[in-house]
Amino acid sequence: MSSNQLHIKRLARFTQSFYLWLSGVAIVFLVSISSAHEFSVVPYPEYNTLIAQTTGWTGADGAYSVPLSDKVTLWLYGDTWIGDIVDGKHSGGTIINNSIALQHGINPKTASLKFYWKTDSTGKPRAFFTPDDGLGWFWLQAGMKVNTKLYIFLSQIVSTQSDPNSIWNFKGVGTWLAEIENPTDDPMNWRIRQYKVPFGNFDGTSTYFFGAAVMQVGKYMYIYGCQDEPSQWIVGRNMILARVPANRLTEFRQWRFYNNGKWVSDSKQCSYLFNGIAPEYSVNYLPYLKKYVCVYTELGMSNRILMRTALKPYGSWSQPTTVYLCPEVSWNSTYFCYAAKAHPELSESMDELIITYVCNSFDFWQMVADSRIYFPRYIKLKFKN
């Protein structure tokens, strides 16, 4: 994997100058999400301390979470540093395309994290998930436990190598769905089956895919995605939606796609729910609000973390509320933030919501030299009565 690929994941339609135009400074918010609810947001340094490692797993992006039980949370990471931190810098490490972790407990002062990745025959680290067809690599998307099985969406990526000096030398070519039969066992003993998801388009004309977020509501699994029209790149991607009976997730003939109030069988007929979504985000139902909440990074790459609410999984969605302005962008002119998501299973009370995001650098060597960045950072949102 080239060093350039690490910085620009899933963000190929944006430039550094456009991002810097969006940058700002961090503040603590007290804002209204509706006429009935306000909230405050503060950093959550106890979780940053929990995840900080100086040897082995020393950084990653992505950071989707899946509750496996009331006490155990699975973390899904993207490109991952394996090595050491010496004097605040990555030292003697390597980068693999994905990794996972199990968190036991939700209080960061008493919780534990154990990280997992695979190794090759020589002991060299390699990604936890690799494509069965041998093509490219996987970046991990959303996951969900259904009854006794675990399902994880996998975005299949290949290197284009059209210009070795370009920062845009990769592309998505498909989506897979991993089915884990025994998710309560040690991850190194998981029995994994991969299914090729037949829905999506990756030719660059009207790209769309599913698996950016996933949520079970009653008997249905709602699978959120992104549609990216090249002519719309300034205003961002569109949120799209599929659903399927939760116990038939791998029976792709059962999938239906939301089209202006109807569920249709043709994925190309998806209507978008709103514009400006990121390629990775979260959607969850919050009993405290009695609403569905979508958390994402503005346009996919920005210092702004946004939130929208809806009464139904398909909307209509509210206008976005700015949740937080990430302060790390002020540390260096090459820094940018992305990958914002909510993790309600970590909340210790009904009126809380834990959110993560990642800071990275357009300059690979700057990222290597600053171990304060390139791992999930945590913030805590607290709703007000």
Pair [X], [Y]: side-chain N/O donor-acceptor within cut-off below 3.5 Å:
{"X": "Asp79", "Y": "Trp139", "answer": "yes"}
{"X": "Tyr195", "Y": "Glu179", "answer": "yes"}
{"X": "Ser349", "Y": "Tyr288", "answer": "no"}
{"X": "Tyr338", "Y": "Glu280", "answer": "no"}

Kindly say whether Arg256 contributes a backbone atom to a donor-acceptor pair with the side chain of Arg243 at under 3.5 angstrom? no
Taking atom CG of Asp70 as the centre, does the number of heavy atoms from other residues, nucleotides or ligands within less than 6.0 Å exceed 12?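 12 or below, so no.
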Could you walk me through whether Asp87 and Lys89 pass salt bridge (charged side-chain N to carboxylate O under 4.0 Å, His left out), step by step? CA-CA 6 Å; Asp87 297 328; Lys89 302 177 181 180; over 6 Å; no
Does Lys171 make a cation-pi contact with Phe202 (under 6.0 Å, within 45 degrees of the axis)?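 Negative - Lys171 is either too far from the ring of Phe202 or too far off its axis.
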Hey, what's the ring geometry for Tyr77 with Trp75, parallel, tilted or perpendicular (30° and 60° as the breaks)?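 Geometry flag for Trp75 against Tyr77: parallel rings.
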Are Phe362 and Phe336 near enough that their ring centres are under 6.0 Å apart?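 When the ring centroids of Phe362 and Phe336 are compared, they turn out to be within the sub-6.0 Å range.
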Please, which pairs that meet ring-ring contact (aromatic ring centres under 6.0 Å, His included) have at least one residue in residues 91-120, sequence neighbours excluded? Trp57-Phe115
Working for salt bridge (charged side-chain N to carboxylate O under 4.0 Å, His left out), residues Arg193 and Glu181: CA-CA 8 Å; Arg193 182 176 179 181; Glu181 295 183 1; over 6 Å; no
